[in-house]
Amino acid sequence: NQIDFKDDEGKFLSKDPTFIENIKKEKRDKIYINNVEVKVLNEQVSFLNENGELITKSIRDFSKENILKKFKTMDNFLNKWSESDKKKAFISELESEGILLEDLKEEVGEHVDTFDLILHIAYGRRLIARKERAERIKNNNYFKKYSIKARIIIDSLIDKYADQGIEHIEDPEIFKVKPFEKIGTPVEIMSEIGGIDGFNKIVGEINNNLYS
């Protein structure tokens with residue numbers, strides 16, 4: 001199938017569907033890191049340093065340098081990750097400080113957790129897929145203390161983590177999407193797990209088990 005593709009001004013560009021993918025890869029919005037404009041193109045970043053010189057680096061090297069500026073050792077990173085109540089906010093902070101997580105995931109694979117991506121890029125640790133982490137905690141019987149229905153809900157949250165990442169299960173709005181409609185309404189699900197306090201407790205336990 002051919003697709004009409006136009007630029008922001010409505011100008012006709014191409015009917016080739018692969019052209020759209022090329023545009024996505026080659027054209028990115030401007031990124032500002034510490035008030036410096038950084039351009040991302042073809043797995044490289046370029047920016048002007050304080051002397052006005054054009055610097056070009058690979059996305060991996062650029063991100064690694066910024067990770068190590070923020071966390072000098074792996075223990076520094078592990079402590080900060082553990083201390084953060086909301087991983088979504090923590091991840092947004094990393095991205096704003098020059099750690100190009102979206103681009104790195106395109107390079108190594110979308111199946112990798114932000115946690116493991118940083119450990120791999122900056123500290124040389126083995127990449128672990130989200131699915132592998134999810135299977136580990138499903139099999140360790142930690143959540144056996146909950147009711148059968150609560151465990152179904154917890155397993156579905158873990159599956160959502162495996163599919164999308166930890167930041168996507170931190171808000172009870174998650175219960176409005178698949179597969180939770182098969183379990184019950186959001187109100188029924190929240191009631192089953194003890195309301196917002198119970199939800200936060202379960203998400204915290206999933207966090208602790210995933211990254212212990």
Side-chain angles (χ1 to χ4, degrees), residues 31-36 38 59-105 107-146 150-151 153-175 190 193-212:
I31 298 173
Y32 287 89
I33 299 167
N34 296 325
N35 297 319
V36 175
V38 176
I59 288 171
R60 182 181 285 251
D61 287 345
F62 179 77
S63 295
K64 179 177 180 178
E65 287 179 12
N66 287 311
I67 294 169
L68 293 175
K69 282 179 186 175
K70 189 171 180 65
F71 312 107
K72 295 189 184 304
T73 68
M74 186 169 69
D75 283 343
N76 291 154
F77 168 70
L78 293 174
N79 290 335
K80 291 294 184 182
W81 180 271
S82 178
E83 290 168 3
S84 63
D85 292 330
K86 294 293 184 182
K87 297 299 186 284
K88 185 174 183 178
F90 186 71
I91 290 168
S92 294
E93 180 184 333
L94 297 179
E95 291 174 330
S96 71
E97 295 183 9
I99 302 167
L100 304 178
L101 298 172
E102 178 185 338
D103 299 277
L104 290 170
K105 284 181 180 180
E107 182 180 331
V108 303
E110 293 288 342
H111 62 287
V112 175
D113 197 303
T114 297
F115 176 84
D116 290 296
L117 184 65
I118 288 176
L119 289 182
H120 175 69
I121 294 295
Y123 310 106
R125 298 299 295 269
R126 178 178 75 88
L127 281 172
I128 301 174
R130 288 193 304 267
K131 185 176 180 180
E132 182 180 340
R133 286 194 177 277
E135 288 302 318
R136 284 183 189 176
I137 65 170
K138 277 189 175 183
N139 294 330
N140 71 5
N141 293 322
Y142 177 87
F143 295 101
K144 202 172 182 180
K145 59 186 180 179
Y146 288 97
R151 294 208 308 267
I153 295 165
I154 292 167
D155 277 354
S156 296
L157 283 170
I158 294 170
D159 288 340
K160 273 293 182 183
Y161 155 79
D163 185 46
Q164 295 182 297
I166 191 66
E167 65 272 28
H168 295 281
I169 67 167
E170 293 181 326
D171 190 320
E173 291 289 309
I174 190 73
F175 295 138
M190 289 295 283
I193 61 177
I196 190 63
D197 289 340
F199 172 78
N200 289 333
K201 180 174 182 287
I202 285 170
V203 172
E205 290 175 334
I206 291 174
N207 258 295
N208 292 339
N209 278 272
L210 281 172
Y211 305 114
S212 62

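Quantities reported herein were computed from a predicted structural model and do not represent experimental measurements. All values below were derived from every heavy atom in this structure, side-chain atoms included, with hydrogens, water molecules and symmetry-related copies excluded.
Between the side chain of E170 and the backbone N or O of K88 there is at least one donor-acceptor pair closer than 3.5 Å. Using a distance-only test at 3.5 Å, with no hydrogens or angles considered, a donor-acceptor pair links the side chain of K87 to the main chain of W81. Between the side chain of S82 and the backbone N or O of N79, no donor-acceptor pair lies under 3.5 Å. Put simply, the side chain of R130 gets close to the backbone of D163: a donor and an acceptor are under 3.5 Å apart. Not one N or O on the side chain of K131 forms a donor-acceptor pair closer than 3.5 Å with the backbone of H111.
To the nearest 0.5 Å, the span separating OG on S96 from CG on L94 amounts to 7.5 Å. Atom CD1 in I169 sits 4.5 Å away from atom CD1 in I206 (nearest 0.5 Å). Separation of atoms CG (L104) and NZ (K64) is listed at 12.0 Å; rounding is to 0.5 Å. In this structure, CD1 on I174 lies 7.0 Å from CG on L157, to the nearest 0.5 angstrom. For the atom pair I59 CD1 and L100 CG, the distance stands at 6.0 Å (nearest 0.5 Å). Between the CZ atom in F175 and the CD1 atom in I153 there is a gap of 6.0 Å [rounded to 0.5 Å].
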Evaluation steps, side-chain hydrogen bond (donor to acceptor under 3.5 Å, both in side chains), between D159 and S156: CA-CA 5 Å; D159 288 340; S156 296; 5.1 Å; no
Begin with the C-alpha distance, continue with both residues' side-chain angles, and end with the deciding distance and a verdict on side-chain contact (heavy atoms from CB on, under 4.5 Å) for D113 and Y161. CA-CA 9 Å; D113 197 303; Y161 155 79; 2.6 Å; yes
Working note: I121 + R60, criterion side-chain contact (heavy atoms from CB on, under 4.5 Å); need CA distance, chi angles, decisive distance, verdict. CA-CA 7 Å; I121 294 295; R60 182 181 285 251; 3.5 Å; yes
Step-by-step salt bridge (Lys or Arg N to Asp or Glu O under 4.0 Å) determination, R126 to E132: CA-CA 12 Å; R126 178 178 75 88; E132 182 180 340; 3.4 Å; yes
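Using a 4.5 Å cut-off on side-chain heavy atoms (C-beta onward), V203 and N200 make no contact. Between V112 and K105, every side-chain heavy-atom pair lies at or beyond the 4.5 Å cut-off. Two residues are said to be in side-chain contact when any heavy atoms from C-beta on lie closer than 4.5 Å; K70 and K80 fail this criterion. At least one side-chain heavy atom of F115 sits less than 4.5 Å from a side-chain heavy atom of L78. Within the 4.5 Å cutoff, no side-chain heavy atoms of T114 are placed close to those of F90. Side-chain contact between M74 and L119 is present, with heavy atoms from C-beta onward closer than 4.5 Å. A 4.5 Å side-chain heavy-atom check between I196 and F199 finds at least one atom pair inside the cut-off.
Heavy atoms of other residues, nucleotides or ligands lying less than 6.0 angstrom from CZ of R151 number more than 12. Crowding of D171 atom CG: a count of heavy atoms from other residues, nucleotides or ligands under 6.0 Å exceeding 12. In K72, the NZ atom is not crowded: 12 or fewer heavy atoms of neighbouring residues, nucleotides or ligands sit closer than 6.0 Å.
The distance between the ring centers of F71 and Y123 does not fall below 6.0 angstrom.
With 3.5 Å as the limit, one finds a donor-acceptor pair spanning the side chains of N76 and T73. No side-chain donor-acceptor contact under 3.5 Å links Y142 and N208.
The nearest pair of heavy atoms linking N66 to G98 is ND2-O, 2.9 Å. In terms of heavy-atom proximity, L127 sits nearest to D116 at CD2-O, 3.9 Å.
Electrostatic pairing of E205 and K201 counts as a salt bridge here, judged by a charged N lying under 4.0 Å from a carboxylate O.
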